[in-house]
Amino acid sequence: MAPSARPTTRAPRPVAAASTTRRSAGSLALLPGLGLVGASTVVVLLGARLVPTVSPLVVALVLGALVAPVLGRAGRTRRGTVAVAATRPGVAWTSRVVLRTGVVLLGFQLSVPEVLALGWRGLVIVATTLLVTFTGTLALGRVLRVPRVTTLLVATGFSVCGAAAISAMQGVVVGPGRTPGQVREDDDGVAASLALVTVYGTLAIVALPWLASLVGLGDEQAGLWIGASVQEVAQVVTAAGTISDPALATATVAKLARVALLAPLVAVAGVVVARGARRAALARAGSAGADRLGAAGTATNPTADTATPRVAPVPWFVVGFVAAVALRSLGVVPAPLLAALATATTVAFVAAMFALGLGVDVPYLLRTGRRALVLGGLSALLVTTTALVGVLLLT
């Protein structure tokens, strides 16, 4: 009688070990890109001290756009192709995760009691100016046939708080599943909107203090006008500081009030984008089902076998922003930590803007940017006029 074969047992697959290995490999893949972004961020932050009126976010984006052609030329060689490809995971991670983290950290710079100190008249002026500028810029963008993403980013930057607001809105409207053409158009939209808030905000530094004196506004009225209409925080401080300390104090609080409205604005945009993405997915599914029905002659359920993307109506970083505002307002965060978080916010935004700048097509932007330039000018005129009318009527 033949001896019975001994049962063989298969060694269990080391699932946890394999998962850990994959995570380690993924983390290592980020290092080349993170090294490039980190070194460039240091350069930008050191150089930004030379031009304090220009946002370091804009400087970072411009540097990224200048570095991109150099990487492109390096990528034409075999060794260069490998090097450029190695930086892509880290750059993509920076433009996605670090950008959203910066938005969360921005909330620690905002305190609700400080905003409420502006009074109901100031809050009405700020809210009305934001609403009119945002909706008006969207309408003007459609008339001028400016790309949708560019129009939305320009509207956000001019109505809320410049580069930081553009970065927050970019995290909502730019999602996965884009074609290379859409990626290029979206990156160019970020570049155009950042350039516009820099150009027109810099003009406002010179024009608004002079116009405030010409119109006969008091110091606090002038500060409220500047804080409700100028884009960047540095631009607000520079413009109002040339008038007086009371003007600067009022302008700073008005600017904080605009930043406070960033979260609801981005949240509403997130809901609209989520609904639009779902409708588009259902439309594609219906079209695919109709094609199968025509080919097979049998009825099919267009949504039964086609997955529709689930997009969070309110992005996690907006929730984090609100939580950070709540913590700052409660006074539980010590002052030294707040100072460190403010620095971390700037670093995160600068790194993300450099990563986004690497995707900017400068020749394409120069060829197609004329309509965006007109849109920025009209948006600047709209925000300035609306805020001035509010100040004259309510103060």
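Treat the numbers as computed from the prediction; the structure is a model and nothing was measured.
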side-chain contact (heavy atoms from CB on, under 4.5 Å) between I226 and I243, intermediate numbers included: CA-CA 11 Å; I226 291 171; I243 298 176; 3.7 Å; yes
Worked check of side-chain contact (heavy atoms from CB on, under 4.5 Å) between Q109 and V259: CA-CA 9 Å; Q109 301 182 27; V259 177; over 6 Å; no
side-chain contact (heavy atoms from CB on, under 4.5 Å) between L224 and L118, worked out: CA-CA 9 Å; L224 179 56; L118 193 62; 4.2 Å; yes
Candidate pair V266 and F321, rule side-chain contact (heavy atoms from CB on, under 4.5 Å), full reasoning: CA-CA 11 Å; V266 174; F321 174 87; over 6 Å; no
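When side chains are defined from C-beta on, M353 does not count as touching V59, because their heavy atoms never get closer than 4.5 Å. Inter-residue side-chain proximity for R142 and T151 is flagged as unmet; no heavy-atom pair is nearer than 4.5 Å. Contact check for V253 versus V115: no side-chain heavy atoms found under the 4.5 Å cut-off. Side-chain contact between L358 and L36 is present, with at least one heavy-atom pair separated by less than 4.5 Å. Annotation: side chain of L208 is in contact with side chain of W225 (closest heavy-atom distance under 4.5 Å). Contact check for L378 versus L144: side-chain heavy atoms found under the 4.5 Å cut-off. Considering only heavy atoms from C-beta on, F354 comes within 4.5 Å of V67 through its side chain. Counting heavy atoms from C-beta outward, S193 and T150 have side chains that stay 4.5 Å or more apart.
By the side chain to side chain donor-acceptor pair (under 3.5 Å) test, T137 pairs with S379, sequence neighbours left out. Partners of V215 under the side-chain contact (heavy atoms from CB on, under 4.5 Å) rule, at least two apart in sequence or in another chain, are L217, L392. Taking S244 as the reference, D219 meet the side chain to side chain donor-acceptor pair (under 3.5 Å) condition, with sequence neighbours excluded. Here L393 pairs with V389 under the side-chain contact (heavy atoms from CB on, under 4.5 Å) rule; sequence neighbours left out. Partners of T395 according to the side chain to side chain donor-acceptor pair (under 3.5 Å) rule, which considers only residues two or more places apart in sequence or in another chain, are Q221.
Within 6.0 Å of atom CD in E220, 12 or fewer heavy atoms from other residues, nucleotides or ligands are found, so the atom counts as exposed in its surroundings.
Here the closest heavy-atom approach between residue V383 and residue A228 is recorded as CG2-O, 3.9 Å. Shown here for T156 and F134, the closest heavy-atom pair between the two residues is OG1-CE1, 3.6 Å. A pairwise comparison of heavy atoms in Q235 and G201 identifies OE1-CA, 3.3 Å as the closest pair. In this structure, L110 and S329 approach most closely via the heavy-atom pair O-OG, 4.2 Å. A254 approaches V126 most closely through the heavy-atom pair O-CG2, 4.1 Å. In this structure, V230 and K255 approach most closely via the heavy-atom pair O-NZ, 3.1 Å.
To the nearest 0.5 angstrom, L106 atom CG is 12.5 Å from T101 atom OG1. Rounded to the nearest 0.5 angstrom, Y200 OH and Q231 CD are separated by 10.5 Å. Annotation: the span from L382 atom CG to L375 atom CG amounts to 10.0 Å, rounded to 0.5 Å. A distance of 8.5 Å separates CG of L138 from OG of S159, quoted to the nearest 0.5 Å. The line from CG of L66 to OG of S40 is 11.0 Å long, rounded to the nearest 0.5 Å. Interatomic distance, CG of L152 versus CE of M169, reported as 5.0 Å (0.5 Å rounding).
In this structure a side-chain-to-backbone donor-acceptor pair under 3.5 Å is present from T343 to A339. A donor-acceptor pair under 3.5 Å is formed between the side chain of T242 and the backbone N or O of A239. The closest donor-acceptor contact from the side chain of R258 to the backbone of V160 lies under 3.5 Å. R145 places no side-chain N or O within donor-acceptor distance of the main-chain N or O of G141, the cut-off being under 3.5 Å.
Grouped with L327 in one hydrophobic cluster are L105, F108, L330, V332, V333, L337, L338, L341, the linkage being side-chain heavy-atom contacts under 4.5 Å among Ile, Leu, Val, Met, Phe, Trp and Tyr residues.
The hydrophobic clustering, which links ILVMFWY residues whose side-chain heavy atoms are closer than 4.5 Å, places L381 and L373 apart. Hydrophobic clustering of Ile, Leu, Val, Met, Phe, Trp and Tyr side chains at less than 4.5 Å, counting indirect connections, unites V374 with V146. A continuous path of hydrophobic side-chain contacts links F158 to L140 [ILVMFWY only; heavy atoms under 4.5 Å]. L130 and W120 fall within the same hydrophobic cluster, defined by Ile, Leu, Val, Met, Phe, Trp and Tyr side-chain heavy atoms under 4.5 Å apart, directly or through other members. With hydrophobic clusters built from ILVMFWY side chains whose heavy atoms lie under 4.5 angstrom apart, V206 does not share a cluster with V197.
Salt-bridge formation is detected for the pair R328/E114: a Lys NZ or Arg NE/NH1/NH2 atom is positioned less than 4.0 Å from an Asp or Glu carboxylate oxygen.
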